[in-house]
Amino acid sequence: MGEPFDTSDEPELHARNLRVLEALLFASAEPVDLKDVQPFLSEAADVGALALELQAAYAGRGVNLVQRGDKWAFRTAEDLNFLLRREETDSRPLSRAALETLAMIAYHQPVTRAEIEELRGVSISRGTLDVLMEAGWIRMRGRRRTPGRPVTYGTTEGFLDHFGLETLADLPGLEELKGAGLLSSRLPTSFQIPLPHDGELREDEDPLDPDDQGELEGSLLDEARGED
Amino acid sequence: MGEPFDTSDEPELHARNLRVLEALLFASAEPVDLKDVQPFLSEAADVGALALELQAAYAGRGVNLVQRGDKWAFRTAEDLNFLLRREETDSRPLSRAALETLAMIAYHQPVTRAEIEELRGVSISRGTLDVLMEAGWIRMRGRRRTPGRPVTYGTTEGFLDHFGLETLADLPGLEELKGAGLLSSRLPTSFQIPLPHDGELREDEDPLDPDDQGELEGSLLDEARGED
Amino acid sequence: MFPMTDTQHNWLEAEPSAAIEPDAVLRVDVGGYEGPLDLLLDLARKQKVDLAQISVLALAEQYLAFIETVRKQRIEIAADYLVMAAWLAYLKSRLMVPQQADDDEPTGEEMAALLQFRLARLEAMREAAARLMNRPRFGRDVFARGMPEPVSITRHSLWEADLYQLLRAYAAQRERAIPAEYAPVQRTVWALQEARDILERLIGQNFEWVALDTYLAHYLGEPQERATVLASTFSASLELVRLGQVELRQSEAFAPLLLRRRKADVD
């Protein structure tokens, strides 16, 4: 193999080295350290120079050869990244449990999960909150300054937007609900509808840490955050 | 996008189409159907011609663009196999019966189990077909319109990909076998020599029902279907 | 087609046939063969000639001899092998006895050609399998992109819910949560016994027909009690009729109910 100064061989060897480097970079399951490629090349081959040459050959193409730290890898050209991200939408009705939970959060925010459960008289499955997070309608506001520091939930701007409300104050109050026939007229005098609050943290709320994972799955949380 | 007759744009559009095709093919480990690329190209783009152009551009390089049935994929160059060869991860070699059965199905498809047995002069155990199904190399095509409606078998795109064949016409020795009359299932009585066929169902084949379990275990069948 | 490198490996030669020498044949375990065709093909190879030129007669004799030896050793032979043996014995006889003019059966030559065809086809498939397996194979010689960049599909769920549904859900829940307070409205109900006592007292010893309403005029003044007064006294009157104390009469539907003391009772 490779007599480095045998010029007659060189163009062929050089081309072969390039091909080998290209194939190894392509097939590797992780970014490649050029040191690991050296044994596959002719003896005096300058693997760094080969990599730069290959990089130049791929510049402007659909795939680029990029350096990541000491290692090299093929990546889709950045301006074509959109090809790898598809968006799909499907619509389905919100479950009753999700609808009721959302309604509770809307009126009683900031509210903790335990409080919603007490108000509803049934426990909330994690999936229910996940769905509402995913829909971008609720968010974690902070943590209540009570034992256990439970997460407080509130609605998002996406919620107002979806339900056609300018502000939370547009949510109908007691008299309006009665007027619309949604609440019966025979209610105990103690029956009240709270004034929902989606503004700044209240006195009994602490802010969430940036890495606070709340009570939710990390992945869903990330999506939910992405919506904000 | 693409005004197909705006010539001033054309070279640019063409280059962009090539880049998009290159990116999408490069990003996928599996062969890609060009139909799936079309939506990302300019309106009047001829994706087949683009693929051939890209194939030519990669000919002689360390990575080649190859056709596998109706799909296309980037693969390391065949002649670099001496450098890249990896020991088979699945060290369990195929049994002789499985190998022969695979060859029978590849060269004689569409073929029924009884025909394979006639060719080999011995019955096939269920496990033999299961192994080939599991490897994703064979599939049930349909049912022959003969008494008993036996299942017909054929090869998959995974088979072409695994053995580096563009189409069934690339099966090694196909021409010689055809010339020697060895592709007929009986003593050659006519001059019509059947050729292996993995396309649409033939006249004497009925489609499988969606829930046709064939002659195989349900679980394996599901896997095999996944390959299609 | 593809380079015959030194890595070429004959996938199909590994097993039993390679081990068999011509005179070792008789010692071979029949179980090592994949059926009678496989055995025949192996025997044919021992003739070391092109399959098209083998002596089918000699082949048939070798096969029959092999089976005979195996049977003498009391080794169980699968039925396939015996069927083939019978067919070959027949083939042998057809080859040796001249064909009769009126014989519709295939000639010995035709049968021999069929056997040769089947053997050639089996061998061809074996070679084809070996050539397939020696091709540069995906995952062993040829590789896909090691770091594919999967298409990430972001699914947006457009949840369907409107403000009305939301409000209705809220109101329904809040109402459900209201502690149910039972404050039953106090209502005057005429107990049957009470109605009967009153009725008996009113009728007294009156043997004339008098409308029930007339007796009850005093009690029917209160509208909310009207229903219970009527219902209870009517029931009570039926009871008194049953006991034979009172007679009851109505001329037509919805006409006034008339009552009087039954005369027979006055003794």
Side-chain angles (χ1 to χ4, degrees), chain A residues 1-2 11-32 34 36-43 45 47 49-66 72-88, chain B residues 1 11-42 45 47 50-51 53-66 72-87 89 161 164:
Chain A
M1 277 232 225
E12 231 173 82
L13 264 187
H14 180 74
R16 199 189 104 121
N17 285 337
L18 262 187
R19 292 183 73 220
V20 169
L21 175 62
E22 189 179 29
L24 288 170
L25 285 167
F26 172 81
S28 170
E30 43 195 65
V32 171
L34 296 184
D36 299 332
V37 178
Q38 192 80 57
F40 294 94
L41 305 178
S42 59
E43 268 174 55
V47 64
L50 286 168
L52 289 172
E53 189 179 338
L54 204 54
Q55 187 173 44
Y58 275 92
R61 310 201 49 168
V63 172
N64 300 149
L65 182 56
V66 297
W72 294 71
F74 281 114
R75 305 301 296 166
T76 302
E78 274 189 24
D79 65 315
L80 296 179
N81 269 340
F82 72 92
L83 292 169
L84 305 177
R85 284 192 302 267
R86 310 271 162 83
E87 313 223 332
E88 286 180 14
Chain B
M1 274 240 227
E12 237 172 75
L13 264 187
H14 181 77
R16 193 192 132 97
N17 285 338
L18 264 186
R19 290 184 72 222
V20 166
L21 177 62
E22 185 180 32
L24 285 172
L25 289 172
F26 219 93
S28 169
E30 302 291 319
V32 172
D33 196 323
L34 296 186
K35 280 201 298 290
D36 297 335
V37 178
Q38 190 81 59
F40 299 96
L41 304 178
S42 58
V47 64
L50 287 167
E53 189 178 338
L54 205 55
Q55 186 174 45
Y58 273 90
R61 309 197 44 172
V63 174
N64 301 148
L65 181 56
V66 296
W72 294 72
F74 276 111
R75 296 285 184 252
T76 55
E78 284 191 5
D79 67 315
L80 294 177
N81 64 348
F82 67 98
L83 278 176
L84 303 178
R85 174 165 293 183
R86 296 177 195 162
E87 285 315 306
T89 42
D161 196 26

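The structure presented is a predicted model; accordingly, all values stated were derived computationally and were not measured. Proteins get letters first, then strands, A, B, ... in listed order; numbering begins at 1 in each.
Of the atoms belonging to L83(A), heavy atoms from both backbone and side chain fall under 4.5 Å from chain B. For a residue to count as touching a neighbouring chain, one of its non-hydrogen atoms must lie under 4.5 Å from one of that chain's; by this rule L25(A) does not touch chain B. Using a 4.5 Å cut-off between heavy atoms, D79(A) contacts chain B through its side chain alone, with no backbone atom that close.
Rounded to the nearest 0.5 Å, atoms CZ (F26(B)) and CZ (F74(A)) are 4.5 Å apart.
Between Y58(B) and Y58(A), the angle of the ring planes lies from 30° to 60°, which puts this pair in the tilted group.
Residue with the most contacts toward chain A among G60(B), A29(B), A77(B), A27(B): G60(B) (heavy-atom pairs, distance under 4.5 Å). Of the listed residues L21(B), L18(B), L24(B), the one with more heavy-atom pairs under 4.5 angstrom with chain A than any other is L24(B).
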Exercise. What's the verdict on side-chain contact (heavy atoms from CB on, under 4.5 Å) for L80(B) and E22(A), showing C-alpha distance, side-chain angles and the deciding distance?
Worked result: CA-CA 11 Å; L80(B) 294 177; E22(A) 189 179 29; over 6 Å; no
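Considering all non-hydrogen atoms of both residues, A23(A) and T76(B) come closest at O-CG2, 3.9 Å. In terms of heavy-atom proximity, R61(A) sits nearest to R61(B) at NH1-NH1, 3.4 Å.
Atom CD of Q55(A) sits in a crowded spot, with more than 12 heavy atoms from other residues, nucleotides or ligands closer than 6.0 Å.
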